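Reading through the structure tokens given below for one structure.
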Amino acid sequence: MNKLLDIISKNNDFTTAQLAAMLNKSEDEIKAQIKELEDKGIIKGYKAVIDWNKVEDADVTAIIELKVTPKPETGFDDTAKIVMSYENVESVYLAASSRYDLIATVKGKTIQEIAEFVSKRLSTLENVIGTATSFVLTQYKGDGIVFYGTDEEEQRSMIL
Amino acid sequence: MIDYSKMLNNKVQQLKPSGIRKFFDIANEMDNVISLSIGEPDFTTPWHVRQEGIESLRKGHTWYSPNRGFLELRKQISNYYARRFNVEYDPEEEIVVTVGGSEAIDLCIRALVQEGDEVLIPQPSFVCYEPMTKMADGTPVIINTKAENGFRLTAQELEEKITPKSKLLILPFPNNPTGAVMRREHLEEIAKVVEKHNLVVMSDEIYGELTYGKERHVSFADIKGMKERTVVVSGFSKAYAMTGWRLGYALGPEPIISQMLKLHQYAIMSAPTTAQNAAIEALKHGDSDIERMREEYDMRRRLIVDEFCRMGLTCFEPEGAFYVFPSIKISGMSSEEFCEKLIYSQRVAIVPGHAFGDCGEGFARVSYSYSLKHIQEALERIERFLNER
């Protein structure tokens with residue numbers, strides 16, 4: 001995998017000069033690479049990673065599996081497009097599973113709000129023949145960062 | 001009242017405690033200290049290696065191993081040194097498995113050195129060679145390596161310190177704390193002096209897997225004629241991130257290893273069984289773990305060297321281990337003062353260079369065995385510290 005993407009996907013706090021040093025390239029090369037990755041739409045944006053467990057009144061998250069009848073020609077894409085068009089839908093995946101075809105993560109103010117969204121918007125879609133909703137209670141890890149139980153770094157005491 | 005000073009061995013009482021201790025104690029008493037002072041990998045032992053340790057316990061392998069270590073492990077060590085460093089050792093007679101590389105150093109020095117013998121110790125270097133030499137009634141002869149030579153030992157510097165009493169040369173490369181390495185041509189120059197004066201060599205190659213750039217570490221035993229007069233000391237701590245398992249080894253000529261083995265038998269019995277079983281797995285399937293960790297260290301190394309240079313802390317480029325050794329002379333302070341002010345003012349802990357020998361004065365050891373995020377934060381604080389002045 002692209003080493004630059006590997007680094008900035010974990011931590012985007014580095015200056016281009018620092019990235020250049022780490023990757024043994026010139027700063028101009030790094031700037032050009034980043035621009036290219038942005039232009040190609042590989043880098044879609046930069047955002048903060050938030051541990052929502054710690055935020056009061058944070059949204060509820062649900063993982064919703066959808067069983068979908070594929071259409072000739074377009075398969076699951078048409079349904080996926082409709083699902084992803086909703087603003088409260090955070091991500092949509094096509095899965096290779098025997099039980100479900102699409103998996104979506106959805107945010108809402110309350111459990112009721114999400115329940116309503118699933119029953120009124122998703123399960124009523126033409127090709128959706130079944131849904132299963134799981135509500136998230138605790139997020140242990142997100143975007144490769146551990147959220148749970150790492151406040152205290154283990155003391156490394158050997159110091160020779 | 002008992003006068004313990006009369007009870008205790010004088011030689012022990014006269015040993016200086018490690019100079020790093022002081023900073024550790026200061027750091028421990030403060031909050032929000034960010035440390036770049038530790039000399040062990042920040043990685044945890046690869047999972048498949050840990051699993052073998054667990055499996056060994058699950059099977060109830062809770063007994064002593066043979067004194068030399070399990071034959072299977074010695075065979076794997078033999079394969080490993082041949083595979084990675086091109087030197088072959090007989091697993092039956094030329095290898096002893098120890099409790100860390102440190103025990104191997106102790107065994108080697110005690111097996112070779114007696115009263116009146118001079119032990120040649122290049123510095124800056126790891127803190128244990130000098131006290132171990134003194135405990136063996138040997139005389140430490142310090143060789144000060146220089147920044148302008150990339151902290152390598154030169155043949156001339158060695159030659160200048162040779163006397164009729166010279167017996168053992170310590171070769172601590174890749175070097176803690178400077179990150180210096182000795183390439184083949186440098187070792188060949190040293191070998192000539194070693195041969196001419198009939199020295200024996202202890203080559204501490206614990207950082208042998210951590211060299212950067214295209215050329216790999218060259219073992220001193222791989223230099224023509226040197227294997228028969230060299231004890232190689234190494235271990236699993238740095239290459240496989242296995243510090244807490246306490247496992248190392250010594251490789252050398254049978255007549256030396258068999259004497260070291262006696263000391264090991266009486267003092268230690270045998271290295272930990274669980275650790276040995278895990279180490280077999282590390283040697284069999286761990287080459288890719290080494291590469292992965294080395295790549296990560298290399299990236300951090302380049303970042304930290306580049307940033308120090310930008311800040312005006314001159315830094316010779318370290319080619320091995322996981323330390324940089326910047327000159328702090330620009331600050332006008334001594335190493336001790338610099339490190340003390342840095343920790344009080346910005347709460348960053350690094351180690352003053354003189355802890356590794358007098359010639360380390362004017363430098364500081366900075367470990368990059370930390371995550372990029374951690375390093376970045378420490379760098380920002382160091383820069384603030386320099387700007388304050």
Side-chain angles (χ1 to χ4, degrees), chain A residues 1-34 36-37 42-43 45-54 139-160, chain B residues 17-25 27-28 33-42 44 100 102 126-128 176-177 212-213 237 243-244 246 295-310 349-351 355-356 365 367-377 379-380:
Chain A
M1 194 179 48
N2 184 316
K3 199 82 196 157
L4 174 64
L5 286 177
D6 188 35
I7 297 171
I8 62 175
S9 66
K10 289 177 189 139
N11 180 355
N12 192 41
D13 264 353
F14 297 107
T15 64
T16 45
Q18 289 175 326
L19 290 169
M22 284 190 272
L23 297 168
N24 215 7
K25 297 234 157 64
S26 75
E27 206 178 333
D28 286 344
E29 279 176 278
I30 294 294
K31 282 182 181 160
Q33 256 191 54
I34 290 176
E36 192 189 332
L37 288 163
I42 293 173
I43 296 176
Y46 305 88
K47 59 175 192 174
V49 179
I50 295 163
D51 181 355
W52 289 108
N53 301 307
K54 291 185 179 143
Q139 185 176 13
Y140 292 103
K141 192 174 182 181
D143 292 310
I145 294 172
V146 174
F147 291 155
Y148 193 81
T150 52
D151 282 348
E152 301 271 321
E153 204 175 305
E154 196 183 339
Q155 184 92 22
R156 288 197 286 153
S157 55
M158 174 67 183
I159 172 167
L160 274 175
Chain B
S18 167
I20 306 165
R21 194 75 222 168
K22 181 177 166 188
F23 282 85
F24 184 56
D25 291 343
N28 251 0
V33 171
I34 189 154
S35 170
L36 294 180
S37 62
I38 288 177
E40 68 174 327
D42 60 314
T44 46
S102 297
F126 184 50
V127 293
C128 84
N176 168 13
Y212 310 103
S237 294
T243 50
R246 306 309 305 123
E295 268 180 36
E296 183 71 27
Y297 287 131
D298 192 18
M299 204 158 70
R300 300 169 183 181
R301 175 184 72 103
R302 286 196 299 256
L303 171 69
I304 215 162
V305 169
D306 198 69
E307 288 287 282
F308 277 160
C309 290
R310 191 177 58 75
I350 59 175
V351 184
F356 306 94
R365 186 188 80 171
S367 163
Y368 49 89
S369 181
Y370 291 89
S371 71
L372 282 169
K373 203 174 152 136
H374 185 106
I375 290 171
Q376 204 181 16
E377 167 73 22
L379 287 170
E380 278 169 23

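Source: prediction; values computed, not measured. All values below were derived from every heavy atom in this structure, side-chain atoms included, with hydrogens, water molecules and symmetry-related copies excluded. The chains referred to below are lettered A, B, ... by the order of the sequence lines, with proteins before strands, and numbering in each begins at 1.
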Give, as side chain, backbone, both or neither, the part of [X] having an atom under 4.5 angstrom from any heavy atom of chain B.
| X | answer |
| --- | --- |
| A:Ala17 | backbone |
| A:Asp13 | both |
| A:Ile7 | side chain |

Worksheet item: Does A:Lys141 come within less than 4.0 Å of A:Asp51, counting only side-chain N to carboxylate O?
Response: no

Worksheet item: Under 3.5 Å, is there a donor-acceptor pair between the B:Ser367 and B:Ser369 side chains?
Response: no

Discussion item. Set out, in order, the CA-CA distance, both residues' side-chain angles and the distance that settles salt bridge (Lys or Arg N to Asp or Glu O under 4.0 Å) for B:Asp306 and B:Arg310, then state yes or no.
Written reply: CA-CA 6 Å; B:Asp306 198 69; B:Arg310 191 177 58 75; 5.9 Å; no

Worksheet item: How are the rings of B:Tyr212 and B:Tyr368 set to each other: parallel, tilted or perpendicular (split at 30° and 60°)?
Response: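 It falls in the tilted class, 30° to 60°.
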
